[in-house]
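So the structure is just underneath, and the comments pick up after that.
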Amino acid sequence: MNAQKLSKRLETVASFVPTGAVVADIGSDHAYLPCYLVHKGMVKRAVAGEVVKGPYESAVRQVRTEGLTNSITVRMADGLAAIEESDHIDTVTIAGMGGPLIVSILEKHPEALKSVTRLILQPNIHAKVIREWALAHGWAILDEAILEEDEKIYEVLVLQRGNMTLSEAEILLGNKLIAKRSEIFIKKWGHELENWRRILKSIEKADATSEIEAKRAELKALIALVEGAINE
Ligand code: SAM
């Protein structure tokens, strides 16, 4: 991967950036995503935020090497603190972290989202907590994607301001992903079901303590929820 040729995962994130957007990429590491967006002419200006010194220095070097210092500002900052009001950022991308870390970044400096109309979030795990955060904070799911790369399955969530209602199954699996029912989506939830059924079978033999009973009930409910959603 480099600034000209992104991974499939980051390319999917990039595909949801509106042309002409002003983007902040938080946790940018090498700043490949903002460099790619500017090279492609999709965005004119971007901010790359990084909290760790090593990746921050990689981002600074990359932007310099690509000759993009006039278009991309690299800032060493914690999460959304990389965004300044005068940037007029309208799109934020946060990719390659767990869902809970993405949510904690969104919650720490909510004032930085004032001018933002689109969030493109790519959790490596636990996308569910992002959907819960969106529901509670006036964001609605515009689109979702699911892809496989290097034997890992990733979800990308695109949010815009607005309200939505989601069922329990839609919070876990994603309303747009349920509607699309792609092969990779079925594969992901097929693996989860297999795993839960295996755990359920193994604890079925265990003594029925109240903890075991609760775990059994939890697994059975999850299995029924996911089976219902993917077989609808
Ligand atoms: N976004 C790139 C991608 O998707 O390929 C890099 C992902 S990398 C696994 C996660 C990056 O997020 C690391 O460089 C890490 O230092 C950075 N990071 C983690 N927490 C952060 C925070 N609170 N603020 C800014 N950057 C953060």
Side-chain angles (χ1 to χ4, degrees), residues 1-18 21-40 42-43 45-66 68 71-85 87 89-114 116 118-127 129-130 133-134 137 143-159 184 188:
M1 176 168 61
N2 56 47
Q4 311 285 342
K5 176 94 188 76
L6 292 181
S7 61
K8 190 170 163 188
R9 175 180 62 79
L10 281 183
E11 206 175 70
T12 307
V13 172
S15 73
F16 291 111
V17 174
V22 187
V23 175
D25 182 41
I26 304 301
S28 202
D29 199 354
H30 289 80
Y32 288 146
L33 178 60
C35 288
Y36 172 91
L37 292 169
V38 176
H39 275 315
K40 288 265 168 194
M42 293 168 73
V43 313
R45 277 191 307 115
V47 168
E50 247 302 332
V51 75
V52 177
K53 195 159 174 259
Y56 162 75
E57 287 170 349
S58 301
V60 170
R61 261 197 313 274
Q62 189 67 36
V63 169
R64 242 185 247 144
T65 307
E66 303 284 333
L68 297 177
S71 325
I72 301 173
T73 306
V74 184
R75 295 198 185 109
M76 189 160 158
D78 182 9
L80 301 176
I83 298 175
E84 294 179 3
E85 213 172 329
D87 296 328
I89 297 294
D90 54 41
T91 301
V92 169
T93 55
I94 312 179
M97 305 174 205
L101 178 55
I102 292 177
V103 165
S104 76
I105 288 174
L106 293 167
E107 286 185 338
K108 200 161 178 188
H109 299 282
E111 70 288 351
L113 293 178
K114 225 164 58 183
V116 175
R118 182 174 292 202
L119 297 171
I120 307 165
L121 309 171
Q122 183 269 300
N124 288 344
I125 51 167
H126 299 314
V129 294
I130 294 181
W133 175 87
H137 292 84
D143 206 351
E144 292 174 315
I146 190 162
L147 66 130
E148 186 171 17
E149 184 168 55
D150 299 333
E151 292 175 25
K152 289 198 192 90
I153 294 179
Y154 301 103
E155 290 174 47
V156 179
L157 281 68
V158 187
L159 307 181
I184 296 165
K188 173 188 164 90

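Start at 1 and go down the list; that is how both ligands and their atoms are numbered. Everything numeric here is computed off the predicted structure, so don't read it as measured data.
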For P55, the ligand 1 atoms with a heavy-atom partner under 4.0 Å come out as 14 (O)
- Task: Would you check if P34 and S28 make a side-chain contact, meaning some heavy-atom pair closer than 4.5 Å?
- Result: yes
H137 meets the side-chain hydrogen bond (donor to acceptor under 3.5 Å, both in side chains) criterion, sequence neighbours left out, with W133
Check: Quick one: are L121 and T93 in side-chain contact, heavy atoms under 4.5 Å?
Finding: no
Ranked by distance from atom 16 (O) of ligand 1, the top protein heavy atom is E50 OE1, 2.9 Å
For G79, the ligand 1 atoms with a heavy-atom partner under 4.0 Å come out as 22 (C), 23 (N), 24 (N), 25 (C)
*Examine distances only and state if a side-chain atom of R61 and a backbone atom of Y56 form a donor-acceptor pair shorter than 3.5 Å.*
no
Does R9 come within less than 4.0 angstrom of ligand 1, counting non-hydrogen atoms of the residue?
-> yes
Taking only non-hydrogen atoms of V52 and a 4.0 Å limit, the atoms of ligand 1 in range are 16 (O)
Ligand 1 to A77, heavy atom cutoff 4.0 Å, flagged ligand atoms 24 (N), 25 (C)
Output for pair (L10 CG, D29 CG), nearest 0.5 Å, gives 9.5 Å
If you scan protein heavy atoms around atom 2 (C) of ligand 1, the nearest is G27 O, 3.4 Å
for atom 23 (N) of ligand 1, nearest protein heavy atom and its distance come out as D78 OD1, 2.8 Å
Judged by heavy atoms only, the candidate from K53, M97, M76, H109 nearest atom 12 (O) of ligand 1 is M97
Taken in chain and number order and not counting sequence neighbours, the residues that satisfy ring pair (Phe, Tyr, Trp, His ring centres under 6.0 Å) with Y32 are H30
Ligand 1 to L10, heavy atom cutoff 4.0 Å, flagged ligand atoms 4 (O), 5 (O)
Interatomic distance, CG@L157 vs CG@D143, rounded to 0.5 Å, equals 9.5 Å
Any heavy atom of D25 under 4.0 Å from ligand 1? The part involved is neither
Of all protein heavy atoms, the one nearest atom 7 (C) of ligand 1 is A95 O, 3.6 Å
Report task. Please determine if E85 and K114 form a salt bridge, counting it only when a charged side-chain N lies under 4.0 Å from a carboxylate O. Result -> yes
protein heavy-atom neighbour closest to atom 27 (C) of ligand 1 works out as V51 CG1, 3.5 Å
Between K188 and I146 the two heavy atoms that sit nearest each other are CD-CD1, 3.9 Å
Quick note on ligand 1: atoms under 4.0 Å from a heavy atom of G96 include exactly 4 (O), 9 (C)
